[in-house]
Amino acid sequence: MNIPMLDLSEQYQSLKEEMLSALDQVMSSSHFILGANVKKLEADVAEYSRVGHGIGVANGSDAIHIALQAAGVKSGDEVITTPFTFFATGGSIVRAGATPVYVDIDPVTFNIDPKKIEAAITEKTKAIIPVHLYGQTADMEEICAIADKHQLAVIGDAAQAIGAKHKGKTVAEYGTAATYSFFPTKNLGAYGDAGMVVTNDDQVAENSRVIRVHGSKPKYYHHVLGYNSRLDEMQAAVLNVKFPHLDKWSELRRERAAIYTHLLNEQLGDLVKTPVEKEGNYHVFHQYTIRVEKRDELQAFLKEQGVQTMIYYPLPLHVQPVFRDLGYKEGDMPESEKAAKEALSLPMFPELKQEQQEYVVAKIAEFFKK
C-alpha cells in the first residue's frame with residue numbers, strides 16, 4: 001500500500017465541474033486582479049472569522065509581514081514569537097524591519113508557552129506572534145492578557161488553523177489581527193499561492209489594503225512603502241468553490257485524528273505520544289503529529305513500507321543559520337529542540353480511508369516490535 005501525506009485528487013474530482021466553470025467565468029470576464037471573486041472571498045472569510053475585515057494578499061508569508069507593518073511594527077522594534085514554526089513567521093518579522101525574539105514552546109501543544117512570554121518583553125517589544133501550529137490554537141486568552149498589560153499588538157499566525165477555535169472564539173477574534181495561508185496543502189487551499197489578513201481593527205485593515213498595492217492611495221500616490229501582494233481572481237475563484245466545504249472537511253479531519261489516536265494508543269501505548277487537544281480548543285488537524293523516539297529511523301522504515309510522512313520542523317528558527325546574528329545557541333530553547341527531534345506528521349486529509357490509517361499504525365507497531 002502506498003499512502004501519501006496528502007492527496008487532493010479526490011477532492012478535485014468532486015468539485016471539478018464547479019471549479020472549471022468558476023475559472024472559465026474569470027477568464028471570460030478578463031478581470032484578473034482584485035475583482036468580484038476577491039471581494040466575495042474577503043467578505044465570506046471575514047464573516048466566518050467573526051471579524052469586520054478580510055484583506056486578500058499574495059500568500060501567507062506576506063499576510064504576516066503586511067499585518068505587522070499595518071499594526072505599526074517598524075525598524076528597531078522587537079516581536080516575540082515561537083522558534084518551532086515555519087520560517088515565514090520569523091522571516092516576516094525581519095522583513096518588517098524588526099527583530100524576532102524567541103520564546104520556547106509548551107511540549108504538549110507545540111505552541112508558544114505563555115508563561116515564558118513576559119520575561120522576554122523589553123522596552124523595544126512591539127508585538128507578539130503566537131502560531132497556531134498543526135491546527136490547534138495557542139492559549140490566546142492568556143497571551144492577549146499579557147499583551148494588553150504591556151500595550152502590545154497580537155498578530156496570530158493562523159496559516160494552519162482556519163476554522164480552529166479557543167474557548168468558542170475564532171483565531172481572528174483574539175488580538176489585533178490574524179493571518180491565513182491558502183497554500184495548496186492547507187485545509188482551505190488554492191491552486192497556487194494566496195493568503196489573507198483578517199481583523200476587527202479598521203485602521204489595521206485600511207493600512208493592509210494600502211500596503212498590498214505598493215502603498216498607494218489613491219492610485220499612483222504613495223504615502224508608505226508598500227508591496228505588490230494582491231490575491232488574484234483565479235485563486236479567489238478556486239477558494240470560493242472550496243470554501244463552503246471547509247467545515248465538513250474540518251470535521252472529517254477530526255474524525256480521522258480520533259481514529260489515529262485510538263489505534264495508536266491501543267497498539268503502542270506509551271511508545272508514541274499522540275496529539276492532545278487542549279480543553280476549550282477546537283483542533284482542525286492540519287497535521288496529525290506524533291512524538292516518538294528514534295523518529296528518523298521510524299520515518300525511514302515507513303518510507304520503505306510506502307507510507308509518506310513529514311517532519312515539521314527539523315531545525316527550530318533560533319538556530320537557523322540565517323538568524324545566527326541574534327545570538328541564540330543550542331540549548332536555549334530545550335522544548336523546541338526536543339520537539340524537532342521527535343515530531344513526525346502522519347498522512348492526514350479528509351479523504352483518507354480507515355484501512356489506510358490501519359496500515360500506517362500497523363507499520364509503526366511493526367517498527368517498534370523489531
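Along the sequence shown, residues carry numbers from 1. Computed from a prediction, not measured in an experiment: that's the story for all the values here.
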If you take all heavy atoms of Val38 and Glu233, which pair is closest and at what distance? N-OE2, 2.9 Å
Over all heavy atoms of both residues, which pair between Lys278 and Gln136 is shortest? Give the atoms and the distance, please. N-OE1, 2.7 Å
Would Asn228 and Arg230 count as having a side-chain donor-acceptor pair, cut-off 3.5 Å? yes
Any Ser181 side-chain heavy atom under 4.5 Å of Ile162 side chain: no
For the student: nearest non-hydrogen atoms of Thr125 and Ala120, plus distance: OG1-O, 4.0 Å
Do any N or O atoms from the side chain of Ser49 and from the backbone of Val51 form a donor-acceptor pair under 3.5 angstrom? no
Ionic contact status for Glu337 with Lys341, cut-off 4.0 Å: no
Can you tell me how far CZ of Phe349 sits from OH of Tyr288, rounded to the nearest 0.5 angstrom? 15.5 Å
Can you check whether Glu206 reaches Lys217 side chain to side chain, under 4.5 Å on heavy atoms? yes
Can any side-chain N or O of Arg212 pair as donor or acceptor with the backbone N or O of Leu231 at less than 3.5 Å? no
Among the clusters formed by ILVMFWY side chains lying less than 4.5 Å apart, do Val108 and Leu271 turn up in the same one? no
Whether the side chain of Ser92 engages the backbone of Ala88 through a donor-acceptor N/O pair (distance < 3.5 Å, no angle test) should be reported. yes
Tightest non-hydrogen contact, residues Tyr191 and Met19, listed as OH-CE, 3.4 Å
Salt bridge (charged side-chain N to carboxylate O under 4.0 Å, His left out) involving Asp104 - partner list, sequence neighbours excluded: none
Going from CG on Asn59 to CD on Gln235, what distance comes out if it is rounded to the nearest 0.5 angstrom? 11.0 Å
If you look only at pairs with a residue in residues 24-80, which of them pass as a ring pair (Phe, Tyr, Trp, His ring centres under 6.0 Å), with sequence neighbours excluded? Tyr48-Phe243, His65-Tyr227
Close side-chain approach of Thr99 to Asp77, heavy-atom, < 4.5 Å: no
Lys149 vs Glu118, salt bridge (charged side-chain N to carboxylate O under 4.0 Å, His left out): CA-CA, chis, key distance, verdict: CA-CA 10 Å; Lys149 178 181 173 182; Glu118 212 153 6; 2.8 Å; yes
Less than 3.5 Å apart, any donor N or O on the side chain of Asp157 or Thr89 sitting next to an acceptor on the other? yes
Can you confirm whether more than 12 heavy atoms, excluding those of Glu293, are under 6.0 Å from its CD atom? no
Would you say Tyr359 and Gln305 make side-chain contact, with heavy atoms under 4.5 Å? yes
Between Thr261 and Thr274, is any side-chain donor less than 3.5 angstrom from a side-chain acceptor? no
What distance do Lys167 atom NZ and Asp139 atom CG have between them, rounded to the nearest 0.5 Å? 6.0 Å
Residues in salt bridge (charged side-chain N to carboxylate O under 4.0 Å, His left out) contact with Lys39, at least two apart in sequence or another chain: none
For the pair Tyr328 and Tyr102, evaluate ring-ring contact (aromatic ring centres under 6.0 Å, His included) and give the outcome as yes or no after the intermediate values. CA-CA 9 Å; Tyr328 293 101; Tyr102 294 115; 5.6 Å; yes
For side-chain hydrogen bond (donor to acceptor under 3.5 Å, both in side chains), just list the numbers for Gln11 and His245, CA-CA rounded to whole Å, side-chain angles, deciding distance to a tenth of an Å, and then say yes or no. CA-CA 10 Å; Gln11 181 192 95; His245 305 277; over 6 Å; no
Point-to-point distance, once rounded to the nearest 0.5 Å, from CE of Met348 to CZ of Arg256: 8.0 Å
Contact between Thr85 and Phe110 at the side-chain level, heavy atoms closer than 4.5 Å - yes or no? no
Is a donor on one side and an acceptor on the other found under 3.5 Å between the side chain of Thr309 and the backbone of Gln299? no
Could Lys353 and Glu358 be called an ion pair, given the rule that one side-chain N must be under 4.0 Å from one carboxylate O? no
Donor-acceptor under 3.5 Å (His132 side chain, Ala161 main chain): no
Flag yes if more than 12 heavy atoms outside Glu47 fall under 6.0 Å of its CD atom; otherwise flag no. no
Within a reach of under 6.0 Å around CD of Glu266, are more than 12 heavy atoms found that belong to other residues, nucleotides or ligands? yes
Distance col, row Asp113:CG vs Ser336:OG, nearest 0.5 angstrom, shows 10.0 Å
Count I, L, V, M, F, W, Y as connected when their side-chain heavy atoms are under 4.5 Å apart, and connections chain through other members. Are Val238 and Val26 then in the same cluster? yes
Do the side-chain N and O atoms of Thr122 and Glu78 include a donor-acceptor pair separated by under 3.5 angstrom? yes
Can you list the steps and then say if Ser9 with Asp7 is a side-chain hydrogen bond (donor to acceptor under 3.5 Å, both in side chains)? CA-CA 6 Å; Ser9 59; Asp7 184 355; 2.6 Å; yes
Given 3.5 Å as the limit, does a donor-acceptor pair link the side chain of Thr176 with the main chain of Val154, or not? yes
Among Thr199, Ile66, Val198, exactly one meets side chain to side chain contact (heavy atoms under 4.5 Å, CB included) together with Ile55. Which residue is that? Thr199
Check against ring-ring contact (aromatic ring centres under 6.0 Å, His included), Tyr134 and Phe285: CA-CA 6 Å; Tyr134 303 145; Phe285 288 96; 9.8 Å; no
Single-linkage hydrophobic cluster, 4.5 Å side-chain cutoff, Leu8 and Met310 together: no
Step through the shown structure and confirm whether more than 12 heavy atoms of other residues, nucleotides or ligands are within 6.0 Å of CZ on Arg50. yes
Calculate, to the nearest 0.5 Å, the distance between atoms CD and NZ belonging to Glu141 and Lys169 respectively. 7.0 Å
Would Tyr312 and Ile364 show up in the same hydrophobic cluster when neighbours are defined by side-chain heavy atoms closer than 4.5 Å? no
Counting only heavy atoms not in Lys40, do more than 12 fall under 6.0 Å of its NZ? no
Does NZ or CZ of Lys186 come closer than 6.0 Å to the centre of the six-membered ring of Tyr180, within 45° of the ring's axis? no
Identify the two heavy atoms, one from Val224 and one from Val210, that lie closest to each other, and give their separation to 0.1 Å. CG2-CG1, 4.0 Å
4.5 Å side-chain heavy-atom contact, Pro100 and Leu317: no
Over all heavy atoms of both residues, which pair between Val197 and Ala63 is shortest? Give the atoms and the distance, please. CG2-O, 3.5 Å
Can you get from Ile311 to Val360 by hopping between Ile, Leu, Val, Met, Phe, Trp and Tyr side chains that sit under 4.5 Å apart? yes
Whether Asp106 and Lys115 form a salt bridge (side-chain N of Lys/Arg under 4.0 Å from carboxylate O of Asp/Glu) is what I want to check. no
Do Ile128 and Thr81 make a side-chain contact, defined as non-hydrogen atoms from C-beta onward lying under 4.5 Å apart? no
Determine yes or no for a side-chain-to-main-chain donor-acceptor pair under 3.5 angstrom, with Asn265 supplying the side chain and His262 the backbone. no
When you look at Arg291 and Glu342, which way does the salt bridge (charged side-chain N to carboxylate O under 4.0 Å, His left out) test go after all the steps? CA-CA 5 Å; Arg291 295 184 68 147; Glu342 295 180 351; 3.0 Å; yes
Distance-only, no hydrogens or angles: does the Gln308 side chain make a donor-acceptor pair with backbone N or O of Pro347 under 3.5 Å? no
